[in-house]
Structures are given as structure tokens and as C-alpha cells.
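Structure, as C-alpha cells:
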Amino acid sequence: MCSLGKDLAIVTRYIRNLRGGSQPILAQASDGLLYVVKFTNNLQGPNLPFNESMGSELYRACGLAGPSWKPLLVTDAFLDQNPDCWMQTPEGRLRPDPGLCFGSRFLGGDGIRLLEILPGTSLKRIRNSKSFWLAWLIDICAWHADNRQALFLEDANGGLEAFFVDHGHLFGGPKGDLQKHFQASRYLDPRIYPSISSLYLLDVQRVVGSLDADQLWQRAQELPDSWKTLSAVRGFAQCLRTLSTSRLLQSVLDTIVKSIPRKNDCEDSRQQCRRTPTVSVLWPGIQAAGSERHQFAIRAGRPNGA
């Protein structure tokens, strides 16, 4: 049993609860590795497993660093034996649903220095800081409804590599109903965005332009059926259409380059703007959960303007 060509692993040992609105846990799986596990009936919304998995695939396709992932099987026996992993709600404890859950490789461990928040004096130590520009471009095109999250892994020489994590608010959010101002998806500290040249912007466009949308849709097709909610699939479709349209990409790039505030003037980040989805076609072969026998149409070739 597998998904996306990934061997299925079973969650075998509960370690501890982790911070976050989805109330994830840290657990060991039958492959001996540690994972951040997010349950399908998490408190944020039903789209989270799709968003996390396809956000990870999209970022990897663009060459951005992030932890690997795989579907993990959570059994009834594991849940019964580990009530501490149950989620907390105002009404009391909520038992996670058994079945396939999203599992992201845990980046920490013995002897590993992993940082979540950096002081301004440490930003210059980030070796791949330019990648935050590409990440922001993708997040805007993917309707990311939350600030960009990253973890920083320190090497033996004191350098830092950013790993992009937490994609659950892509494609309109965990419930597929969020539409935010484009600055909502920016990393909180704008100083992390270094000065860039026009040649780098051209390279960003080249990377995005080389995306194989059909291959990404094939990966989405291989996800568990219950993860493919209609709103998540629609949001993903709109993201790929935007990334495939050169004039839209250029407009987004122009906007974000001009928007980085000077002297940390961030008041515009509180503004909201509503954007109406315009998805009319989706790639074939992805049956959204709850849509019964409805099949999505396809238009051959790239969208107009690509």
C-alpha cells in the first residue's frame, strides 16, 4: 500500500504533543524515523492533509528546501494506547480518527541545532535567504492564508539553511474559504528578504515556468481519496493555472518586490483584499471527495497567457 510512490509506514510510538493549531504530535513510525503527524480530523479543517502534501510537492518541484513526507497509518490500537495524543477542544478531548494521516519528517534530533525564530543579527547567516522570494511568489499564487513558516538548521560552521514547513494554509486554507491580502503570506520579518538582481528574478520565472503541472496533478491523483476535498482540489488547480500564466507571474513579482517595507513599516500587512476563484477547468483523474461521480473537464495545453 503506497501513495506518491512512498512506502506506507505505521505510527508505532507516541513521543509528545507539538505546538500548532492543528495539534500535531511527534511520533515514531515503523520505518524507525520520527515524524510530525497531523490528524485528518484536526481542528483547523479537512483540507489540511491535501494542502500539506501538495504544498510539500509543489515546493520541492520548485527546488525549495523542506522536510520529506509520507502518509502514515494511525491505528485504533495506537489511539487507545496513547490517549495523551488526543486533541483538546472547548468541549473536552477529541479522539483522532484512525487511518492515513500526513507525516512530515522531524528535522530535529540529538546534536542538531534547529531554530524557529532568528534575531535580526542572525539573518545574514542564512545561506538560502534568496529562496524566500520564490517561496513568497508561490504562496501568493497558492492563496496562502497565513505567514510563511520556516525552520533554520545550523551547520558546523554556524551557517543556517532555511527549511519551509507548514503548508496547511495553502490553497485557501484548511477549510478552503480564506482569501487574504497578498502580504499575509510573507515571512513575518521582512528583513529576511535580501536585495536581489533582475537576473535573479528572471531565474525565478524560469524555475516556475519549468514546472510540470501534469506531473503535479498525477501526484495529487495518488493521494488518499479522503484527502481530496473539492475546495482543496479547486484551490490547487487555480494555483497551477496562475503559475502557468506568465503575465500573472510578472505582475505578482512586480508587486512583491515593491512591497517589502522599509524601516519595518508593516502596517499594510493588516489590510485584506478579497479575490474570487475563477476555476473553470481542472486536470482529469482527480476525484474530489464528496463529489460523487462528477468528473472535471480538461482543456488541452497550457492556459491562455502561459
Side-chain angles (χ1 to χ4, degrees), residues 2-40 42 44 47-74 85 100-118 126-132 134-136 138-139 142 144 146-155 159-171 174 185 187-188 192 207 216 219-220 222-224 227 236:
C2 65
S3 179
L4 290 163
K6 304 172 187 285
D7 294 333
L8 180 68
I10 302 173
V11 177
T12 56
R13 183 167 72 95
Y14 163 77
I15 298 176
R16 67 175 185 267
N17 294 336
L18 298 172
R19 290 181 300 164
S22 63
Q23 298 194 28
I25 66 169
L26 179 63
Q28 187 175 40
S30 55
D31 58 7
L33 301 175
L34 298 182
Y35 292 89
V36 176
V37 181
K38 298 189 177 183
F39 299 113
T40 54
N42 69 89
Q44 290 188 319
N47 294 8
L48 187 137
F50 181 97
N51 295 354
E52 288 280 10
S53 55
M54 291 315 301
S56 298
E57 293 293 322
L58 178 59
Y59 262 56
R60 182 167 61 180
C62 290
L64 294 170
S68 60
W69 78 275
K70 67 167 52 179
L72 298 175
L73 180 62
V74 174
C85 78
L100 292 177
C101 297
F102 174 82
S104 177
R105 277 287 305 276
F106 181 58
L107 295 175
D110 294 339
I112 296 177
R113 184 168 168 78
L114 192 64
L115 306 174
E116 184 176 358
I117 300 175
L118 296 179
I126 304 173
R127 303 194 189 282
N128 59 339
S129 59
K130 285 185 178 180
S131 64
F132 277 83
L134 176 56
W136 195 10
I138 295 171
D139 283 344
H144 192 196
D146 196 9
N147 291 115
R148 168 44 51 201
Q149 303 293 316
L151 298 174
F152 304 91
L153 190 64
E154 187 177 53
D155 62 28
L160 298 171
E161 182 176 6
F163 286 81
F164 297 100
V165 297
D166 288 344
H167 304 299
H169 280 76
L170 290 178
F171 316 127
S185 59
Y187 188 79
L188 273 175
I192 207 167
V207 170
L216 284 169
R219 292 182 178 277
E222 296 168 359
L223 292 177
W227 293 12
F236 184 58

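Residue indices begin at 1 and follow the sequence shown.
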Can you list the residues that meet the side chain to side chain donor-acceptor pair (under 3.5 Å) rule with Gln149, with sequence neighbours excluded? none
If every non-hydrogen atom of Leu72 is compared with every non-hydrogen atom of Ala29, which pair is closest and at what distance? CD2-CB, 4.1 Å
Identify, with sequence neighbours excluded, every residue that meets ring-ring contact (aromatic ring centres under 6.0 Å, His included) alongside Phe39. none
With no hydrogens and no angle check, is any side-chain donor or acceptor of Ser30 less than 3.5 Å from a backbone partner on Ile10? yes
Is the shortest side-chain heavy-atom distance between Arg105 and Leu33 below 4.5 Å? yes
First locate atom CG of Leu26, then atom CG of Asn17, and finally report the distance between them rounded to the nearest 0.5 Å. 10.0 Å
For Ala162, enumerate each residue passing the side-chain contact (heavy atoms from CB on, under 4.5 Å) test, keeping only those at least two apart in sequence or located in another chain. Ile126, Asn128, Phe132, Phe152
Quick one: list whatever passes side-chain contact (heavy atoms from CB on, under 4.5 Å) with Ser185, sequence neighbours left out. Trp136, Asp139, Ile140, His144
If you measure from CG on Asp155 to CD1 on Ile112, what distance do you get to the nearest 0.5 Å? 12.5 Å
Please check if the number of heavy atoms outside Arg113 that lie under 6.0 Å from its CZ is greater than 12. no
Non-hydrogen side-chain atoms of Phe236 and Leu216 separated by less than 4.5 Å: yes
Find out whether Leu100 and Leu8 are in side-chain contact, i.e. whether some heavy atom of one side chain is under 4.5 Å from a heavy atom of the other. yes
Ignoring hydrogens, what is the shortest heavy-atom contact between Cys101 and Val37? Give both atom names and the distance. CB-CG1, 4.1 Å
Are Arg60 and Glu57 within salt-bridge range, i.e. N to O under 4.0 Å? yes
Among Ser56, Ser104, Ser53, whose side-chain contact (heavy atoms from CB on, under 4.5 Å) with His167 holds? Ser56
Can you name the closest pair of heavy atoms from Leu134 and Val207 and give their distance? CD2-CG1, 4.1 Å
Can you name the closest pair of heavy atoms from Cys62 and Ile138 and give their distance? SG-CD1, 3.4 Å
So the salt bridge (Lys or Arg N to Asp or Glu O under 4.0 Å) pairs with at least one residue in residues 13-23 (sequence neighbours excluded) are Arg19-Glu116
Aromatic plane relationship, Trp69 with Trp227 - under 30° parallel, 30 to 60° tilted, over 60° perpendicular: tilted
Quick one: does Asn47's side chain have a donor or acceptor within less than 3.5 Å of a partner on Asn51's backbone? no
Got a sec, which residues hit side-chain contact (heavy atoms from CB on, under 4.5 Å) with Leu107, two or more places apart in sequence or on another chain? Pro67, Leu114, Leu151, Phe163
Salt bridge or not for Lys38 and Asp166, using N-O below 4.0 Å? yes
Which pair of non-hydrogen atoms, one from Gln44 and one from Pro174, has the smallest distance, and what is that distance? O-CB, 3.4 Å
To the nearest 0.5 Å, what is the distance between CG (Asn147) and OH (Tyr187)? 9.5 Å
Here the pair of heavy atoms bringing Arg148 nearest to Phe164 is CD-CD2, 3.6 Å
